[in-house]
Amino acid sequence: MSSIRRRLLIILLAGTGAIWLSAVIWIQHSTRTEVGHVLDRRLQESAQMVASLIRRNGGIAGPEAAALVDDAPALPDTGRHDFARQLICQVWGFDGQLKSESDGAPSGQLAEQEGFSEREVDGEVWRVYTHVDAELGIRVMVGDARFMRERLVHGVAMGLLAPAMLILPLLAALIWLAVRSGLAPMDRLAQALSRRPATDLSPLGETRAPTELRPMIEALNGLFHRVEGLRERERSFTAFAAHELKTPLAGLKTQAQIATLAPDAATRDRALAQIAQGVDRTDRMVRQLLDMTATENPIDSAAPAEDGAKILADVAGALGGLAGSRGVTLRLETGGAEWRSTQAALLAPALRNLLENAILASPAGATVEARLVRDGDQARFSVLDRGPGIAEADRPHVTERFYRGAASPSGGGSGLGLSIVAAAVEAMGGELRLAPREGGGEQAEIILAGETQAPAS
């Protein structure tokens, strides 16, 4: 059920109906009990009254004795049945002879035991009280028909319930109005949000909001704050990216003009070399921007698993030209580790940026080592270089976008490499560790847990 208003209305109506039904059953039961007690007491008093009259009459039970019950106070007539014959009386002797009876009494004996009893006589069930007077040798029996009791109980109960039944529609309307009024703040909040422009991320006011809505408003304000922070980072990212792309493009234009107007071949060759270097820098920047975008997109869970050693080897092979141009040796060590991953789209750019940073930071003649080690259910990728390493002051910030430390490569890095690595590793559920290498340089490790990867079959 999608509507909270409808759900609350049904729950309240069902709960009220259940309570109402319980009240009806309770009223019916209590009315029957109370009316039964009153009628039983009436039977008992009537029987004792007849016995007392016979005693005062010298023990002679004349016809007028049983007729006394006709003078007993009448019960209220509900209009549903003729209650003219409410009580009947019989006086029987111990010798089994009928001494006296009231008008309308059945032909058979009403009861056979002392006290209260029920007995069917002439096809009708009677509730009877029998008073035994051993001294006079008589049994005085006074009774009323059970159907009369049921009709009387029904009449009394309906007299109580009929006005209440008329209130039910009014109660249902009041419940509907209460639910509507109670949920009105939610409607106002929804209307306020629907009227708010997409650019308005200011907090919602909660001083006048109901207590129940404040957690929702606080959650929305928290969401607005996070979205505003994300938008601010995106604006900063766009501004930094535009600036970083503008610089090499301006240099390319300048060098192209120099090459066009060069007075000699040497000047033209230097300008063309600068153009090639600028193109490489711009290409790296564009590729890193694409890598950053890839780390922020959901992973394709249906991607086929690829061998981790092959991913590392392919990345190292693609960077062989860069390493050769800088006089750096790439050494690959996998040790035959068998490990497969369905997240090559994230792992490959993370490894490429680590290796590229290591190559650019290493001096000519140095060796950059790339390793893959299987450690239980974990895969550990390590990249080790002999560059200047990361300054301690820069270490807390090196994974921030566009951050350039004091030991940035002379080629002018973009400040995106390690931020791409950190974002990709986080998306894979792994861990990035950066630490100084013994003897100089830096050691970077990507540790991926086994539960997010699939071992080779």
Side-chain angles (χ1 to χ4, degrees), residues 226 229-230 233-234 237 241 284-319 330 332-359 368-385 390 395-403 413-435 437 442-457:
R226 293 192 297 272
L230 179 61
R233 289 194 297 271
E234 292 299 326
F237 179 81
R284 185 187 179 210
M285 169 67 74
V286 172
R287 178 167 44 78
Q288 286 184 324
L289 291 174
L290 294 175
D291 288 345
M292 180 62 72
T293 302
T295 61
E296 296 175 350
N297 291 330
I299 301 172
D300 183 9
S301 58
E306 298 185 32
D307 180 62
K310 183 177 183 302
I311 296 173
L312 181 59
D314 290 345
V315 170
L319 294 174
L330 271 179
L332 186 63
E333 300 177 11
T334 60
E338 294 184 355
W339 185 84
R340 301 177 69 82
S341 170
T342 59
Q343 304 182 56
L346 292 174
L347 181 58
L351 293 175
R352 180 172 60 248
N353 280 278
L354 277 185
L355 280 171
E356 195 170 45
N357 280 0
I359 292 171
V368 172
E369 301 177 20
R371 303 172 183 171
L372 169 60
V373 178
R374 182 71 181 270
D375 184 9
D377 62 345
Q378 291 183 333
R380 188 184 301 268
F381 292 87
S382 302
V383 175
L384 303 91
D385 64 58
I390 300 174
R395 200 168 288 278
H397 308 287
V398 290
T399 57
E400 298 174 5
R401 295 179 180 181
F402 298 106
Y403 181 82
S414 64
L416 283 175
L418 288 179
S419 64
I420 293 172
V421 177
V425 171
E426 181 181 1
M428 290 186 290
E431 180 184 1
L432 172 64
R433 295 179 182 176
L434 301 172
R437 184 183 181 188
E442 191 73 20
Q443 177 174 333
E445 288 186 334
I446 296 176
I447 302 173
L448 300 175
E451 57 264 20
T452 59
Q453 315 299 331
S457 56

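The analysis underlying the following values was restricted to heavy atoms, covering all of them including side chains, and did not include hydrogens, waters or symmetry mates.
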Distance-only donor-acceptor pairs under 3.5 Å for side chains of residues 422-430, two or more places apart:
none

Straight-line distance of [X] [atom1] to [Y] [atom2], nearest 0.5 Å:
X    : Y    : atom1 : atom2 : value
R352 : L347 : CZ    : CG    : 10.5 Å
E442 : D385 : CD    : CG    : 7.0 Å
R433 : I446 : CZ    : CD1   : 12.5 Å
R437 : E369 : CZ    : CD    : 4.5 Å
L319 : L330 : CG    : CG    : 7.0 Å
R380 : W339 : CZ    : CH2   : 12.5 Å

Residues that R226 engages under side chain to side chain contact (heavy atoms under 4.5 Å, CB included), provided they are two or more places apart:
L223
Partners meeting side chain to side chain contact (heavy atoms under 4.5 Å, CB included) with E306 (sequence neighbours left out):
I311, A344
Which heavy-atom pair separates [X] from [Y] by the least distance, and what is that distance?
X    : Y    : result
V383 : A358 : CG1-CB, 3.8 Å
L372 : A379 : CD1-CB, 4.3 Å
A444 : L434 : CB-CD2, 3.5 Å

Before giving the answer on side chain to side chain contact (heavy atoms under 4.5 Å, CB included), spell out for L354 and L418 the whole-Å C-alpha distance, their side-chain angles and the decisive distance to 0.1 Å.
CA-CA 7 Å; L354 277 185; L418 288 179; 3.8 Å; yes
Quick one: salt bridge (charged side-chain N to carboxylate O under 4.0 Å, His left out) partners of E356, sequence neighbours excluded?
R284, R287
Flag side-chain contact, heavy atom, 4.5 Å: R371 against L384
yes
So V421 and N357, do their side chains get closer than 4.5 Å, heavy atoms only?
no
